[in-house]
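Presented below is the structure to which this report refers.
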Amino acid sequence: MTRSYRFPDDFIWGAATSAYQIEGSPLADGAGPSIWQRFAHTPGMMANDDHGDIACDHYRRYQDDVQLMRALGLQSYRFSVAWARVLPEGTGRINQKGVDFYSRLVDALLENGIEPNATLFHWDLPAALDDRGGWLNRDSAHWFAEYASVMFKALDDRVRRWSTINEPWVVTDGGYLLGKLAPGHRSKYEAPIAAHNLMRASGAAIEAYRATGRHEIGVVFNIEPKYPASKKPEDIAATQRAHAYMNEQFADPALLGSYPPELKEIFGEAWPDFPADDFRLTNQAVDFVGINYYTRSVVKHDDEGYPCRASRVRQANVTHTETDWEVYEQGLADTLMWFKQRYGDLPLYITENGAAFYDPPVAEGDVVDDPLRITYLRKHLRVLHQSIEAGVNVKGYYAWSLLDNLEWSLGFAKRFGLYHVDYATQKRTPKASAKFYAKVIETNGEGLGG
Ligand code: BGC
């Protein structure tokens with residue numbers, strides 16, 4: 001007998017994007033610049049000198065893009081709000097035209113039967129706030145709560161699921177430790193401070209939501225499970241450090257109100273003594289947690305490995321994506337089980353999962369054949385189904401991404417979309433994976449069996 005992959009009846013199928021990666025027109029209608037606008041126009045920071053000035057032109061084509069979502073049968077769409085469109089200086093003056101854009105987007109989604117799922121911060125901090133220290137300034141928690149409250153007031157009548165921060169680890173590791181992402185700092189001293197303030201900010205926004213909000217709010221982590229390369233105690237200890245650094249550094253203060261002890265070991269004298277009272281703010285009750293899952297890493301001890309004295313051991317004879325991420329679907333099951341054991345039985349959403357693979361250029365009338373992406377999605381969705389059967393409380397899944405888009409400093413060359421985007425013409429073409437995913441949604445997972 002063939003296995004059934006039918007998902008629970010109330011399971012939510014969606015796709016995700018983020019503002020700077022798709023919208024274009026970053027300064028339109030009175031918006032202020034963000035740190036990504038600045039970073040992308042700083043010579044040498046972006047592959048191929050790419051930037052988000054046009055991107056997928058979604059700011060002007062959002063109506064058409066909602067029709068693409070409808071064609072997929074999406075039940076929910078996860079997008080992010082560009083803070084600097086709404087508050088050009090980051091705090092204070094509200095730019096109503098910026099709010100109106102998201103209000104129109106939300107209306108268009110609802111008119112087409114698609115539930116909006118809004119993320120408040122997907123990395124595009126207003127540049128004016130960076131000038132005041134950005135996430136290094138303790139006031140950032142209050143700035144963020146102020147901005148979040150503006151959005152709650154404008155959209156909570158129609159948006160029923162909010163997330164505060166997307167992937168704080170990437171913000172701090174890429175933006176404050178390694179300098180590969182905006183704002184491009186490289187400091188072991190700054191990274192833990194930025195991380196801590198991001199989690200204070202998330203907590204402050206949740207606290208603000210409890211005062212006025214009527215629906216659900218949570219936070220989104222990218223969890224990358226770590227596996228030791230050998231049974232040697234030094235590899236096992238390195239693996240635990242890498243796990244504490246990437247995963248627990250963010251989920252622990254939010255969900256347990258503490259930090260794992262390895263962080264002090266990793267950062268040494270750069271690890272601050274945070275005021276105990278801060279953990280009251282970071283540790284707010286959430287309605288759900290979003291997990292972004294892409295890959296795992298196998299870890300060995302390495303004295304040169306920065307900052308954890310650990311490095312990744314690239315696995316041989318397995319598929320890697322164009323971003324050199326190992327395809328390892330079992331890591332999703334392990335992540336979900338770990339999460340449940342450590343943090344309790346919270347409702348979870350897979351808020352991102354997907355892969356960049358080479359897609360051939362599209363000629364008129366072509367279908368974009370992307371068998372590797374289909375295989376990736378099928379494998380992960382089958383594992384997700386097993387996890388749910390094993391008792392993990394996952395309530396929905398969002399493919400990353402609806403459209404090919406700006407893969408941050410890697411530029412447009414890395415394509416994660418279900419729809420191919422021709423950046424010269426802005427033509428969208430469904431990939432074979434879009435058709436596959438539409439069938440999965442239509443059959444509530446049953447289509448994964450065939
Ligand atoms: C981010 C996305 C990004 C994707 C693929 C996640 O880290 O939230 O913005 O495009 O992964 O790298």
Side-chain angles (χ1 to χ4, degrees), residues 14-24 26 34-37 39-40 46-47 50-52 55-56 58 77-83 117-125 163-178 180-182 195 198 202 218-225 246-247 249-251 289-297 320-328 331-332 335 349-359 370 372-373 376-377 380 397-419 421 433:
T17 63
S18 89
Y20 190 72
Q21 294 181 274
I22 66 164
E23 285 177 355
S34 73
I35 55 170
W36 268 95
Q37 163 78 3
F39 188 79
M46 302 288 285
D50 287 340
H51 52 68
C56 304
H58 171 81
Y77 170 59
R78 175 174 177 252
F79 62 95
S80 78
V81 176
W83 184 344
N117 176 331
T119 298
L120 290 163
F121 182 72
H122 200 126
W123 310 356
D124 44 358
L125 187 76
S163 301
T164 55
I165 308 274
N166 178 74
E167 301 193 350
W169 177 79
V170 178
V171 176
T172 60
D173 183 76
Y176 288 88
L177 188 83
L178 302 178
K180 291 184 178 165
L181 302 174
L198 276 157
S202 175
V219 53
V220 175
F221 302 119
N222 55 312
I223 304 291
E224 188 181 287
M246 185 162 177
N247 302 323
Q249 182 177 188
F250 303 91
V289 172
I291 291 181
N292 296 351
Y293 178 81
Y294 288 94
T295 188
R296 69 152 168 185
S297 78
H320 285 78
T321 70
E322 284 274 298
T323 45
D324 202 32
W325 296 343
E326 181 189 345
V327 177
Y328 188 71
L332 174 59
T335 291
Y349 288 84
I350 305 303
T351 29
E352 290 179 28
N353 174 241
F357 285 114
Y358 173 77
D359 292 322
D370 60 343
L372 294 173
R373 188 171 291 103
Y376 181 99
L377 293 174
H380 285 80
Y397 173 91
Y398 292 80
W400 183 270
S401 178
L402 176 71
L403 302 167
D404 289 340
N405 59 48
L406 182 74
E407 181 52 21
W408 305 106
S409 46
L410 300 179
F412 292 109
K414 307 291 180 218
R415 293 177 177 271
F416 279 84
L418 298 167
Y419 283 91
V421 176
S433 57

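This structure is a prediction, so every number in the text was calculated from the model and none was measured. Side chains included, hydrogens not; waters and symmetry mates left out as well; all remaining heavy atoms used. For ligands, and for the atoms within them, numbers begin at 1 and follow the listed sequence.
With sequence neighbours excluded, the residues forming a side-chain contact (heavy atoms from CB on, under 4.5 Å) with S409 are F39, M46, L181, listed by chain and number.
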**OP:** Carefully, step by step, assess E224 and R296 under the rule salt bridge (charged side-chain N to carboxylate O under 4.0 Å, His left out).
**Re:** CA-CA 5 Å; E224 188 181 287; R296 69 152 168 185; over 6 Å; no
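Closer than 4.0 angstrom to ligand 1 sit non-hydrogen atoms from Q21, H122, W123, N166, E167, Y294, W325, E352, W400, E407, W408, F416.
Shortest non-hydrogen contact noted between Y77 and L402 is CE1-CD2, 4.3 Å. Looking at every heavy atom in both residues, S80 comes nearest to A19 through OG-N, 2.8 Å.
A donor-acceptor pair is defined here as one N or O able to donate and one able to accept, closer than 3.5 Å; no such pair exists between the side chain of T119 and the backbone of F121.
Looking only at atom types and distance, the side chain of Y398 has a donor-acceptor partner in the side chain of N117 under 3.5 Å away.
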